[in-house]
Amino acid sequence: MPEGHTIHRLASDYAARFSGTAPRVTSPQGKFSDAADLLDKSVLTATEAHGKHLFLRFRDTDWVHIHLGLFGKVTFGDAPAPPPTDTVRLRLADDTSYVDLRGPTACALITPDEKRAIHDRLGPDPLRDDADPDAVYRRVSRSRTTIAALLMDQKVIAGVGNVYRAEVLFRHGIDPYRAGKDVTPAEWRAIWADLVELMREGVRNNRIDTVRPEHMPEAMGRPPRVDDHGGEVYVYRRANLPCHICGGEIRTAGLAARNLFWCPACQRA
DNA sequence: AGCTCATGGCGAG
DNA sequence: TCGCCCTGAGCTG
């Protein structure tokens with residue numbers, strides 16, 4: 001699940017359930033026990049997301065840094081909390097709610113300096129008000145690296161993952177192997193605006209939908225699609241299936257240890 | 001029971 | 001570029 005929209009949604013959901021309360025903090029799995037003891041029954045005062053990084057603040061300056069990685073999952077529920085399974089890294093629980101974190105790449109108590117360092121090594125996030133798309137373009141437009149790789153580089157732009165990358169390149173008719181320097185200013189402005197819109201909708205719906213209504217399979221006279229990752233998409237994990245627009249075959253290839261998906265007919269070099 | 005794969009990212013070589 | 005870390009679902013037997 002975890003691209004940037006998921007993390008922003010989690011920041012908001014953690015806040016909605018626990019902001020201003022002093023929950024029990026535990027680490028049934030044990031790997032976060034020492035920090036959990038320090039934080040137990042202290043007030044959750046803020047939550048924040050930057051790209052795929054989630055931050056929970058307890059008291060004044062006690063920040064918990066969470067990164068879900070590829071496998072991390074968060075589940076919310078109403079009290080009473082069930083007995084935790086042995087993979088729960090972090091549980092918050094109060095009289096009304098509980099939330100379990102499993103399988104994160106990172107879950108650590110950090111200092112404000114360490115938090116600043118994390119922000120400093122992340123690029124602008126389309127879901128944050130402080131993001132500057134021109135700063136991203138300055139970097140993209142000077143690079144011989146492919147636009148597909150640049151979009152996944154969190155130092156360049158934070159929060160885009162494998163699904164948004166594939167989908168936004170399709171929506172703008174851009175071949176994933178095109179070099180960053182060959183993306184025009186107009187194309188970049190359109191890509192950025194689209195990411196802001198798509199990812200905001202992703203936060204609202206808690207899933208990734210990218211297919212315009214007029215291209216939905218039903219509207220195109222094709223059978224409705226049942227998709228195992230949730231959202232309605234043009235190319236992501238649709239290798240060898242017909243393109244929603246031109247009917248040609250969607251292709252897949254490896255790029256930097258991830259699977260890339262695109263329509264060679266619709267996306268121009 | 002064991003294998004593969006997944007919306008991520010790090011460090012070693 | 002590879003191996004590795006984290007978990008769980010969906011296969012295959």
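Letters go in sequence order (proteins before strands), and every chain restarts at 1.
Contact check on A/R116 versus A/D120 returns no salt bridge, with no Lys/Arg side-chain nitrogen under 4.0 Å from an Asp/Glu carboxylate oxygen. Salt bridge status for A/R178 with A/D175: absent, with no side-chain N to carboxylate O gap under 4.0 Å. Checked for salt-bridge contact, A/R128 and A/E48 meet the test: a charged N lies under 4.0 Å from a carboxylate O. Taking the charged nitrogens against the carboxylate oxygens, A/D113 and A/K115 have no contact shorter than 4.0 Å, which rules out a salt bridge.
Dashed line: the shortest gap from a side-chain N or O of A/K73 to OP1 or OP2 of C/dC6 is not under 4.0 Å. Note on A/N162: every side-chain N or O is 4.0 Å or more away from OP1 and OP2 of B/dA6. Close to B/dG9, at under 4.0 Å from its OP1 or OP2, lies a side-chain N or O of A/H67. Of the side-chain N and O atoms in A/K52, none sit less than 4.0 angstrom from OP1 or OP2 of B/dT7. Within the 4.0 Å cut-off from OP1 or OP2 of B/dT7, not a single side-chain nitrogen or oxygen of A/Y164 is found. In this structure, A/R258 reaches the B/dG8 phosphate: one of its side-chain N or O atoms is under 4.0 Å from OP1 or OP2.
Between the P atom of B/dC5 and the OH atom of A/Y236 lies a distance of 13 Å, rounded to the nearest Å. Nucleotide B/dT7 holds its P atom 18 Å from the CG atom of A/N206, rounded to whole Å. Atom pair A/R237:CZ and B/dA6:P shows a separation of 6 Å (rounding to whole Å applied). If you take CG of A/L90 and C1' of C/dT7, they are 16 Å apart, rounded to a whole angstrom. As rounded to whole Å, 13 Å separates atom C1' of C/dG8 from atom CG of A/D86. The interatomic distance linking A/R207 (CZ) with B/dA6 (P) rounds to 20 Å, in whole Å. For the pair A/H53 NE2 and B/dT7 C1', the computed distance is 15 Å after rounding to whole Å. The CG-P distance, from A/N259 to B/dC5, rounds to 9 Å in whole Å.
Within the nucleic acid shown, A/Q29 comes within 4.0 Å of sugar-phosphate atoms alone, with no base atom in reach, counting heavy atoms only. Note on A/K155: nothing from the nucleic acid sits closer than 4.0 angstrom, heavy atoms only. Using a 4.0 Å heavy-atom cutoff across all strands shown, A/T87 reaches sugar-phosphate atoms only and no base atom.
Geometrically, A/R91 engages A/Y98 in a cation-pi contact, judged by NZ or CZ lying under 6.0 Å from the ring centre and within 45° of the ring axis.
For A/E3, counting side-chain heavy atoms from C-beta on, the closest listed nucleotide (B/dT7, C/dC6, B/dA6) is B/dT7. Listed nucleotides: C/dT7, B/dT7, B/dG9. Nearest to the side chain of A/R102: C/dT7.
Within residues 109-121 of chain A, no residue has any heavy atom closer than 4.0 Å to DNA chain C.
Between C/dG13 and B/dC5, the distance separating the two P atoms is 15 Å to the nearest Å. For the P atom pair drawn from B/dA1 and C/dC6, the interatomic distance equals 22 Å after rounding to whole Å. Separation of the C1' atoms belonging to C/dT1 and B/dT7 is 22 Å when rounded to the nearest angstrom. C/dC5 and B/dG13 are spaced 15 Å apart, taking the P atom of each and rounding to whole Å.
A/N205 and A/H5 share no donor-acceptor pair across their side chains, judged by distance under 3.5 Å alone. For the residue pair A/R238 / A/T252, no side-chain donor-acceptor distance below 3.5 Å is found, with atom types taken as modelled. Side-chain atoms of A/H215 and A/H244 include no donor-acceptor pair closer than 3.5 Å.
Ring-base stacking between A/F71 and C/dT7 is satisfied, the centre separation being under 5.5 Å and the plane angle under 30°.
A pairwise comparison of heavy atoms in A/L44 and A/R57 identifies CD1-O, 3.3 Å as the closest pair.
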